[in-house]
Amino acid sequence: MAEAIMRLRAAGCVFAEDEAAVLGAAAADGTELATLVDRRALGEPLEQVVGYADFGGVRVRLRPGVFVPRVRSELLVRVAVEAARPGDVVVDLCCGSGALGMAVRHRQPAIDLYAADVDPVAVACALDNLDTQVYQGNLFEALPTELRGRIAVLLANVPYVATRHIPLLPAEARDHEPHTALDGGSDGLDVFRAVLAGAVDWLAPGGIMLSEVTETQADAAASAIREAGLVADLRSDEDLEASVILGRQIDRPVR
């Protein structure tokens with residue numbers, strides 16, 4: 001372990017002792033530990049190296065090359081749990097590992113959960129975590145058509161980093177996570193607008209769409225929601241440094 005800590009420190013890992021302990025718990029022996037430490041020292045996210053991330057009260061299995069769930073996204077989970085009722089159709093769109101849907105179902109087990117992603121590796125990872133009702137395809141094209149007009153809660157944690165900012169991301173994300181899970185176009189809202197265009201038809205009366213945005217994107221996202229005919233709202237959490245934009249269909253009271 002001492003050698004592992006030294007190797008991680010030399011690689012610039014700020015929390016080398018903590019990371020070495022996580023890697024040590026995941027390794028079967030010293031040889032495997034050395035392999036895991038080497039992967040981490042080369043910049044691979046710790047969660048991908050050990051194969052899991054603890055998020056929103058659940059342990060999410062991860063595969064290399066799949067987006068790692070961020071702590072700030074727990075605000076999305078919280079808002080979704082507050083809105084969902086037993087029997088509601090909840091969709092985790094652009095699901096990645098399925099972490100959001102998994103965490104919501106953990107707190108609201110009676111929901112009818114679906115998930116979808118365009119990336120086949122992410123879909124395989126989501127199936128590891130959700131077992132069933134995970135689909136591959138581009139946004140709503142992936143979903144069963146019978147869900148049209150029935151979605152009560154649409155979790156759409158779409159990529160929202162502006163293209164010009166991709167090179168500024170930490171190497172862990174830039175080099176080891178798919179750019180399709182990060183790149184949101186010129187202003188970071190291209191995929192958000194594409195989801196919003198379909199959400200109007202796929203949401204149930206009173207259904208909500210939830211997406212994570214930056215503070216600087218909030219006004220533009222809210223304007224796009226209103227232009228689509230939905231009611232816009234913004235939820236923020238200073239501790240998580242997170243903002244969630246909400247678009248609601250009419251005919252369901254806000255809880």
Side-chain angles (χ1 to χ4, degrees), residues 14-15 45 47 53-57 60 66-84 90-97 99-101 103-104 107 117 139 151 153-200 203 207-249 254-255:
V14 177
F15 303 104
E47 295 85 355
D54 291 323
F55 170 79
V60 182
V66 175
F67 183 82
V68 177
R70 309 315 200 236
V71 173
R72 63 175 175 268
S73 296
E74 291 184 10
L75 179 59
L76 278 168
V77 173
R78 188 192 315 160
V79 177
V81 169
E82 291 172 355
V90 176
V91 171
D92 186 357
L93 202 62
C94 303
C95 68
S97 64
L100 291 177
V104 172
R107 302 187 198 181
D117 201 288
L139 302 180
I151 300 174
V153 178
L154 175 63
L155 286 158
N157 195 21
V158 299
Y160 61 93
V161 179
T163 303
R164 66 185 182 279
H165 294 154
I166 296 292
L168 306 179
L169 291 175
E172 289 184 8
R174 187 180 66 242
D175 298 337
H176 296 279
E177 294 181 316
H179 280 202
T180 53
L182 302 170
D183 193 340
S186 59
D187 65 351
L189 294 175
D190 284 1
V191 185
F192 171 81
R193 293 188 186 95
V195 173
L196 182 59
V200 176
L203 287 175
I208 61 171
M209 169 184 164
L210 303 172
S211 293
E212 198 169 275
V213 293
T214 66
E215 287 186 8
T216 58
Q217 293 169 332
D219 287 344
S223 294
I225 286 173
R226 288 191 290 267
E227 289 172 5
L230 304 179
V231 177
D233 191 13
L234 183 69
R235 310 287 175 88
S236 298
D237 187 307
E238 292 184 1
D239 292 334
L240 293 177
E241 297 182 347
S243 295
V244 169
I245 194 74
L246 183 155
R248 182 184 298 274
Q249 290 269 46
V254 177
R255 290 177 26 170

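Only heavy atoms go into these numbers, but all of them, side chains included; no hydrogens, no water, no symmetry mates.
Applying the side chain to side chain contact (heavy atoms under 4.5 Å, CB included) test to A80 and every residue at least two apart in sequence or in another chain returns V104, V153, L155, L210. Looking at residues two or more places apart in sequence or on another chain, you find a side chain to side chain contact (heavy atoms under 4.5 Å, CB included) between P159 and V191. Judged as a side chain to side chain contact (heavy atoms under 4.5 Å, CB included), and not counting sequence neighbours, the contacts of A194 are L139. Scored by the salt bridge (charged side-chain N to carboxylate O under 4.0 Å, His left out) test, D219 finds no partners at all (sequence neighbours excluded). The side chain to side chain contact (heavy atoms under 4.5 Å, CB included) test applied to T214 returns Y160, T216, Q217, not counting sequence neighbours.
Pairing each heavy atom of E215 with each of S243, the nearest pair is CG-OG, 4.1 Å. Across every non-hydrogen atom of A222 and A232, the tightest pair is O-CB, 3.9 Å. Minimum heavy-atom separation, V60 to S97: CG1-OG, 3.4 Å. Counting all heavy atoms, side chain and backbone alike, V90 lies closest to A84 at CG2-CB, 4.3 Å. Contact detail for G96 and V66: the closest heavy-atom pair is C-CG1, 4.3 Å. When all heavy atoms of E47 and A53 are compared, the pair lying nearest together is CG-CB, 3.7 Å.
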Inset, instruction - Test side chain to side chain contact (heavy atoms under 4.5 Å, CB included) on R235 and L246 and set out the steps. - result: CA-CA 8 Å; R235 310 287 175 88; L246 183 155; 4.0 Å; yes
Inset, instruction - Starting from the C-alpha separation in whole Å, work towards a yes-or-no answer on side chain to side chain contact (heavy atoms under 4.5 Å, CB included) for V195 and L154. - result: CA-CA 10 Å; V195 173; L154 175 63; 4.1 Å; yes
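How far CD1 of I208 is from CD of Q249: 11.5 Å, rounded to the nearest 0.5 Å. The CG atom of D233 lies 7.5 Å from the CD1 atom of I245; values are rounded to the nearest 0.5 Å. In this structure, I151 CD1 and L203 CG are separated by 6.5 Å, a value rounded to the nearest 0.5 Å.
Judged as a salt bridge (charged side-chain N to carboxylate O under 4.0 Å, His left out), the pairs with a partner in residues 71-81 (not counting sequence neighbours) are, in order, R72-E212, R78-D237.
Counting heavy atoms from C-beta on, the side chains of V77 and L100 come closer than 4.5 Å. Side chains of I225 and F192 form a contact here, defined as non-hydrogen atoms less than 4.5 Å apart. Within the 4.5 Å cutoff, the side chain of L196 has heavy atoms near those of the M209 side chain. Side-chain contact between D187 and R193: present, with at least one pair of heavy atoms (C-beta onward) separated by less than 4.5 Å.
A side-chain donor-acceptor contact under 3.5 Å links S211 to the backbone of A156. When atom types are taken as modelled, the side chain of R70 and the backbone of V68 share a donor-acceptor pair closer than 3.5 angstrom.
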